[in-house]
Every structure is written in structure tokens, then in C-alpha cells.
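I have placed the structure first, in the form of C-alpha cells, so that the comments after it can refer back to it.
Being a predicted model, the structure only gives us computed values, none of them experimental.
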Amino acid sequence: MFHKKIAFFSALCMFLSMIEYAIPKPLPFMRLGIANMGIMLALYVLPIKQVLLLTLIKVFLQALISGTFFSYIFVFSFLGSFSSAFVMILSKTLFKSKISFLGICLSGALANNLCQILLSYLIIFRSSTSYIAPILLISGFISSLILGIFTQKFVKNSIWYDSLLKDDDSNFQT
């Protein structure tokens with residue numbers, strides 16, 4: 001049944017990504033990371049390998065939809081998304097029930113932003129990266145704070161998600 005769950009979470013990530021594309025960005029490179037809600041929800045439903053597969057699917061589909069597949073933006077998205085996924089998985093694994101979705105979201109956003117700042121330094125801006133780093137870190141903190149709180153409230157009130165946690169596959173019957 002996991003393949004149906006991966007397909008579902010992939011579709012959820014793309015739906016959330018489309019919502020994000022509809023929101024005007026204050027700066028062209030800034031993303032809110034709304035699609036990461038799908039990854040965070042999957043952390044408690046799918047095994048680690050499948051969460052990583054979901055992350056890969058999310059990155060490739062976002063690149064195809066946004067037309068950035070053969071650009072440096074794809075490299076930033078790919079490495080940022082995977083650094084975020086690894087840190088979220090690590091946070092969940094290390095802290096188990098002691099970490100909330102807010103903590104997972106904040107840790108993932110920090111990993112993503114630090115990875116992208118490092119890439120900016122190495123690939124594009126060099127020392128000028130210091131001008132953009134505070135903007136990325138502050139905006140990443142604010143957007144992940146909002147997304148983490150929203151995800152926490154969603155999970156707390158969702159009967160559907162609760163059934164996924166209980167491994168009730170009736171949500172995925174065809």
C-alpha cells in the first residue's frame with residue numbers, strides 16, 4: 001500500500017506547491033516552502049527511504065512545472081530540499097515524540113537556508129552572499145514558523161491524518 005501513499009503525498013506536495021506559486025514573492029528567489037508540509041506529514045506515515053523518494057519526486061515535479069529543471073535553481077532546490085529532508089528525518093528520529101511539527105519545520109528550514117547560502121557563496125555571489133543571507137534566514141524562520149504552527153494545528157484536528165497514523169489504508173482503496 002505504500003506506493004499509493006507516496007502517490008498521494010506527491011500529489012499533496014504538488015498541490016501545495018501550486019498554491020505557493022500563486023502567492024506573489026517579495027524577491028524572486030524566495031519560496032515559502034508550503035510544499036514541505038507534505039514531507040512533514042509523510043515523516044510519520046512513511047518509512048525513511050520512502051520519505052526521501054517523496055522528496056526526490058517533489059523536487060523533480062516542481063522543477064518540471066516551474067521550468068527550472070536545467071538551471072542552477074534546480075541545484076539549489078535539490079540540495080536545499082534534501083538537506084532539509086535529512087535534518088527533518090534526523091530531528092524526528094533523535095527527538096521522537098519530544099519534537100513537534102514546529103520544531104521539525106524550523107530545523108528543516110534552517111538546513112535548507114544554510115545549504116542554499118553555502119551554494120550561493122560557492123556558485124554565484126561569493127562574499128556578496130553576506131547581504132542576502134540575513135534576508136533568507138529571517139524569511140525562512142518566519143515562513144517555517146507559520147507553516148509549522150499550521151501543520152501542528154492541522155494534525156491535531158485531522159481525523160483523516162489520525163487514520164493514516166493508525167495505518168488505516170481505507171483512505172487509499174481503489
Side-chain angles (χ1 to χ4, degrees), residues 9-44 51-52 54-92 94-95 98-158:
F9 280 112
S10 297
L12 177 62
C13 287
M14 288 305 92
F15 172 75
L16 294 171
S17 188
M18 292 298 100
I19 290 172
E20 183 172 346
Y21 287 130
I23 297 170
K25 298 175 195 141
L27 295 171
F29 55 83
M30 292 177 82
R31 299 214 39 206
L32 299 174
I34 296 171
N36 288 322
M37 182 180 178
I39 303 293
M40 288 189 296
L41 294 173
L43 280 173
Y44 290 89
V51 172
L52 294 173
L54 175 63
T55 303
L56 182 67
I57 292 168
K58 177 186 85 92
V59 170
F60 276 99
L61 290 177
Q62 283 179 326
L64 288 173
I65 290 168
S66 66
T68 59
F69 190 68
F70 294 107
S71 71
Y72 73 91
I73 294 170
F74 175 75
V75 175
F76 278 68
S77 177
F78 182 88
L79 294 174
S81 291
F82 272 93
S83 64
S84 176
F86 283 124
V87 169
M88 289 191 295
I89 290 167
L90 184 63
S91 297
K92 180 197 167 269
L94 289 177
F95 299 109
K98 295 177 182 161
I99 191 166
S100 66
F101 281 100
L102 176 59
I104 289 172
C105 193
L106 287 168
S107 65
L110 180 62
N112 182 308
N113 286 337
L114 291 176
C115 178
Q116 291 187 349
I117 289 167
L118 176 63
L119 287 171
S120 293
Y121 177 80
L122 295 173
I123 297 174
I124 301 173
F125 299 116
R126 299 284 180 211
S127 62
S128 297
T129 301
S130 62
Y131 297 114
I132 200 72
I135 297 169
L136 278 174
L137 291 170
I138 292 168
S139 66
F141 176 77
I142 293 168
S143 64
S144 65
L145 186 67
I146 294 167
L147 183 61
I149 291 169
F150 178 81
T151 304
Q152 193 70 40
K153 287 185 183 286
F154 170 81
V155 166
K156 183 180 178 187
N157 297 308
S158 175

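Within a 6.0 Å radius of CZ in Phe15, other residues, nucleotides and ligands contribute 12 heavy atoms or fewer.
A donor-acceptor distance shorter than 3.5 angstrom exists from the side chain of Glu20 to the backbone of Ile34, with no hydrogens or angles considered. A donor-acceptor contact shorter than 3.5 Å links the side chain of Ser83 to the backbone of Gly80. In this structure, Ser130 contributes its side chain and Ser127 its backbone to a donor-acceptor pair below 3.5 Å.
In this structure, the side chains of Met40 and Cys105 come closer than 4.5 Å at one or more pairs of heavy atoms. Side-chain contact check for Lys92 versus Ser107: every heavy-atom pair is 4.5 Å or farther apart. Contact annotation: the side chain of Phe9 never approaches that of Ile39 to less than 4.5 Å [non-hydrogen atoms, C-beta and beyond]. Side chains of Val87 and Leu110 form no contact here, defined as non-hydrogen atoms less than 4.5 Å apart. Within the 4.5 Å cutoff, the side chain of Arg31 has no heavy atoms near those of the Gln116 side chain.
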Output, in order, the C-alpha distance, side-chain angles, deciding distance and verdict of side-chain contact (heavy atoms from CB on, under 4.5 Å) for Lys58 and Asn36. CA-CA 9 Å; Lys58 177 186 85 92; Asn36 288 322; 3.2 Å; yes
Does the pair Leu114 and Leu137 meet the rule for a side-chain contact (heavy atoms from CB on, under 4.5 Å), with working shown? CA-CA 8 Å; Leu114 291 176; Leu137 291 170; 4.2 Å; yes
Please lay out, stage by stage, how Leu32 and Leu147 fare under the test side-chain contact (heavy atoms from CB on, under 4.5 Å). CA-CA 9 Å; Leu32 299 174; Leu147 183 61; over 6 Å; no
Using the side-chain contact (heavy atoms from CB on, under 4.5 Å) rule, take Leu94 and Ile99 through it: C-alpha gap first, then chi angles, then the decisive distance, then the call. CA-CA 9 Å; Leu94 289 177; Ile99 191 166; over 6 Å; no
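Interatomic distance, OG of Ser143 versus CG of Leu106, reported as 9.5 Å (0.5 Å rounding). In this structure, CD1 on Ile19 lies 10.0 Å from CE on Met37, to the nearest 0.5 angstrom. Remark: Leu90 CG to Ile104 CD1 distance equals 11.0 Å, nearest 0.5 Å. Distance check, rounded to the nearest 0.5 Å: OG1 of Thr151 to CG of Leu43 gives 10.5 Å. For the atom pair CG (Leu102) and CD1 (Ile146), the distance works out to 11.0 Å, reported to the nearest 0.5 Å.
Closest non-hydrogen pair, Cys13 versus Leu54, comes out as SG-CD1, 4.3 Å. Closest of all the heavy-atom pairs between Ile89 and Leu52 is CD1-CD2, 3.8 Å. Smallest separation of non-hydrogen atoms from Tyr21 and Ser66: OH-CB, 3.4 Å. The heavy-atom pair separating Leu119 from Val75 by the smallest distance is CD1-O, 4.1 Å. For Ser81 against Asn112, the heavy-atom pair with the smallest separation is N-ND2, 3.9 Å. Ile135 and Tyr131 get closest at one heavy-atom pair: CD1-O, 4.0 Å.
Between Phe154 and Phe150, the angle of the ring planes stays under 30°, which puts this pair in the parallel group of the 30/60° scheme. Taking the six-membered ring for Trp and thresholds of 30 and 60 degrees, Phe78 and Phe60 have ring planes more than 60 degrees apart, a perpendicular arrangement.
For Phe86, there are no ring-ring contact (aromatic ring centres under 6.0 Å, His included) partners at least two apart in sequence or on another chain.
For Phe76 and Tyr72, the gap between ring centers is short of 6.0 Å.
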